[in-house]
Amino acid sequence: MIGGGIAGLTVASNVASAGKKVAIVEARDWGGTSINRGATAKKAILALSELHSQLENFQGRGFSELPDIQWEDMITHRDWLVEDQRVRAKERVLQAGAVTFEGHARFEDHHHVWIGGKLVSADQIVVASGSKPRELDFEGAHFVDDSGNLMRQQRKPQNIAIIGAGIIALSLISSYAQAGVKVHVIQHNDVVLRGFNEELVGKLVARLKGKDVTFHFDVEPQRVEKTETGYRLVLTNGEILDVTGIYDAAGRVPNIDSLGLEKAGVTYCPKGIQVNAYLQTSQAHIWAIGDCCDAPVPKLSSYADYQAKYVARALLEEGSDELLYPEAEATTVFSIPKLGKVGLSTSQAYQNLQHYQVKSLDMSYWQNYRQTRDDLAQIKLVVERSSQKVLGAEILSNSADILINYLAILINLDVTMQDVQNIIFAYPSLATDLYGLWT
């Protein structure tokens, strides 16, 4: 098993727990990017930023003063959570019975891998080496840091520039703006969160602008210079930004360059290691999963973990059917407020209004949102005209991640309106909103 991130750990622990002999190698940090520089670190910071946002909503309605976020305490909380999850990640595979190696893995041939100075052989090999930041190409690009390192800053930055406006970027932008950091967003076009409903994205962007976030559209970095107080970023439109840090969240590429795939006879392309519908590479006994492979799905932890469970079952000979992904997968942008979607998108529905309709519901007046002053809460449902079934949804709300997952269950299980009405949910809770949505 090459790669000790979430996907690699899932395969190793599941297979080892079944009594198979498993070795797993990690070159950097157990838990990979997700735990150390991604979702875990991000959500540790987001938790305090969200709480601060909620307290802000209740100023004069229960709280007289809005406390500042104590940066050092927030970073201590982040470090504690990351270290806790990192340790648990390694303990998980050790308790399952896997053997661990720390170092860089490189193929000697299609059955042998060098780990440091040790040559290890295996009948089956799974590559889950993840991704790395895309190389930037402009003068002074070496001064730009990875977005993951933004979450490792021990001191509060005064003002920063973030390159990119995708899922990762919007979460960071929200958290740091709420913490009082001035944020500049550099986007090469005028699209924020491609694939999400434009109206809902527009409301999120407007909220962020009110938090001292400045969006610079249709521009790219031209040059970065080091200054006494930080960095000077020159954009292609001639605009100059003086900031204390510049961070890249514009995309990542497969982390496969140092694996020696040629020696193993494994085919790859710029999108990653090429795999078939079973996640096998050009060598049938070598598999690739997660961000390092070219499977035509989003490069998100949820997909990598889904692939890992499939490969673990295949290695245990529990089935040989090709991998099928759910028809309605759920995705959430952990911004403030959150933006979630599941199933058929509104943009797809608008392209075929003969078969679909989009129902927009303002939920800000519903009890569950009114009581928390979630004033932007809105949902857009994609409904099939012939059957009146809900086939998709997009939500903007502080609790969008919870409701979107409820809807993912209902859509994937093809639950009927009467099925939902026959369930007694705890009241009042977000689940009771399903009574009004699932019609």
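Every value quoted in this text rests on a predicted model; they were computed, and no experiment measured them.
Separation of atoms CD1 (I402) and CG (L430) is listed at 5.5 Å; rounding is to 0.5 Å. Here CZ of F215 is found 9.5 Å from CD1 of I162. Values are rounded to the nearest 0.5 Å. For the atom pair S49 OG and Q178 CD, the distance stands at 6.0 Å (nearest 0.5 Å). For the atom pair D123 CG and H285 NE2, the distance stands at 8.5 Å (nearest 0.5 Å). Within the model, atoms CG of D79 and CG of D84 stand 12.5 Å from one another, a figure rounded to the nearest 0.5 Å. Here the CD1 atom belonging to I163 is positioned 5.5 Å from the CG atom belonging to L136, to the nearest 0.5 angstrom.
With sequence neighbours left out, Y278 forms a ring-ring contact (aromatic ring centres under 6.0 Å, His included) with no residue at all. Every residue two or more places apart in sequence or in another chain that forms a side chain to side chain donor-acceptor pair (under 3.5 Å) with Y303 is listed here: E329.
K341 places a side-chain N or O within 3.5 Å of a backbone atom of G195 that can act as its donor or acceptor partner. The closest donor-acceptor contact from the side chain of E26 to the backbone of R28 lies under 3.5 Å. At least one donor-acceptor pair under 3.5 Å links the side chain of Q307 to the backbone N or O of G290. Judged by distance alone, with hydrogens and angles left aside, the side-chain atoms of T244 form no donor-acceptor pair with the main-chain N or O of T229 at under 3.5 Å. In this structure, the side chain of H188 does not engage the main chain of F217 through any donor-acceptor pair within 3.5 Å. Side-chain N or O atoms of N255 include one that pairs as donor or acceptor with a backbone N or O of S129 at under 3.5 Å. Distance alone, capped at 3.5 Å, places no donor-acceptor pair between the E108 side chain and the V113 backbone. Looking only at distances, a side-chain donor or acceptor of D374 sits under 3.5 Å from a matching main-chain atom of N398. At least one donor-acceptor pair closer than 3.5 Å links the side chain of K182 to the backbone N or O of D212. A donor-acceptor distance shorter than 3.5 angstrom exists from the side chain of H111 to the backbone of A122, with no hydrogens or angles considered.
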Problem - From CA spacing to verdict: side chain to side chain contact (heavy atoms under 4.5 Å, CB included), W30, E91 - result: CA-CA 10 Å; W30 292 101; E91 286 180 348; over 6 Å; no
Practice task
Apply side chain to side chain donor-acceptor pair (under 3.5 Å) to D248 and S147, showing your working.
Solution key: CA-CA 5 Å; D248 176 27; S147 63; over 6 Å; no
Practice task
Apply the test side chain to side chain contact (heavy atoms under 4.5 Å, CB included) to residues I273 and V127: give CA-CA distance (whole Å), side-chain angles for both, the deciding distance (0.1 Å), then the verdict.
Solution key: CA-CA 9 Å; I273 299 173; V127 182; 3.9 Å; yes
Exercise for the section: Could you check D218 against N189 for side chain to side chain donor-acceptor pair (under 3.5 Å), going step by step and ending with a plain yes or no? Expected result: CA-CA 4 Å; D218 296 313; N189 55 25; over 6 Å; no
Practice task
Could you please spell out the steps behind the side chain to side chain contact (heavy atoms under 4.5 Å, CB included) verdict for L407 and I379?
Solution key: CA-CA 11 Å; L407 293 173; I379 186 169; 3.9 Å; yes
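The local environment of CD in Q154 is crowded, with over 12 non-hydrogen atoms from other residues, nucleotides or ligands closer than 6.0 Å. Summarising the local packing, NZ of K226 is surrounded by more than 12 heavy atoms from other residues, nucleotides or ligands at distances under 6.0 Å. Few gaps surround CG on D73; more than 12 heavy atoms of other groups in view lie less than 6.0 Å from it. Remark: H104 NE2 is loosely packed, at most 12 non-hydrogen atoms of other residues, nucleotides or ligands lying under 6.0 Å away. At most 12 non-hydrogen atoms from other residues, nucleotides or ligands lie less than 6.0 angstrom from CD1 of I168.
Taking every heavy atom of both residues into account, V185 and A165 meet most closely at CG1-CB, 4.3 Å. The two residues L55 and P67 have their closest heavy-atom pair at CD1-CG, 4.0 Å. Across all non-hydrogen atoms, the minimal contact from Y310 to A277 is OH-O, 4.2 Å. In terms of heavy-atom proximity, W287 sits nearest to Q124 at NE1-OE1, 3.2 Å. Of all heavy-atom pairs between V382 and A349, the closest is CG1-CB, 3.7 Å. Among all heavy-atom pairs drawn from S175 and I45, the shortest one is CB-CG2, 4.0 Å.
Salt bridge present: K90 and E102 bring a charged side-chain N and a carboxylate O closer than 4.0 Å. The pair E225-R223 meets the salt-bridge criterion, with a side-chain N (NZ, NE, NH1 or NH2) lying under 4.0 Å from an Asp/Glu carboxylate O. Ionic pairing of D291 and K132 is not present here: no N-O contact between side-chain nitrogen and carboxylate oxygen is shorter than 4.0 angstrom. Taking a cutoff of 4.0 Å between a charged side-chain nitrogen and a carboxylate oxygen, D242 and R232 qualify as a salt bridge. The pair R207-D375 meets the salt-bridge criterion, with a side-chain N (NZ, NE, NH1 or NH2) lying under 4.0 Å from an Asp/Glu carboxylate O.
Checking K43 against S171 by side-chain atom types alone, no donor-acceptor pair falls below 3.5 Å. Side-chain N/O atoms of Q348 and S345 include a donor and acceptor closer than 3.5 Å. Residues H216 and E239 have side chains that bring a donor and an acceptor to within less than 3.5 angstrom of each other. Side-chain N/O atoms of R86 and N36 include a donor and acceptor closer than 3.5 Å. With 3.5 Å as the limit, one finds a donor-acceptor pair spanning the side chains of Q378 and K203. Judged by distance alone, the side chains of E262 and Y268 do bring a donor and an acceptor atom under 3.5 Å apart.
Paired with K380 under the rule salt bridge (charged side-chain N to carboxylate O under 4.0 Å, His left out), one option of E394, E199, E198 passes, and it is E199.
For an aromatic pair to be called close, the ring centres must be under 6.0 Å apart, and W114 with F101 fails this.
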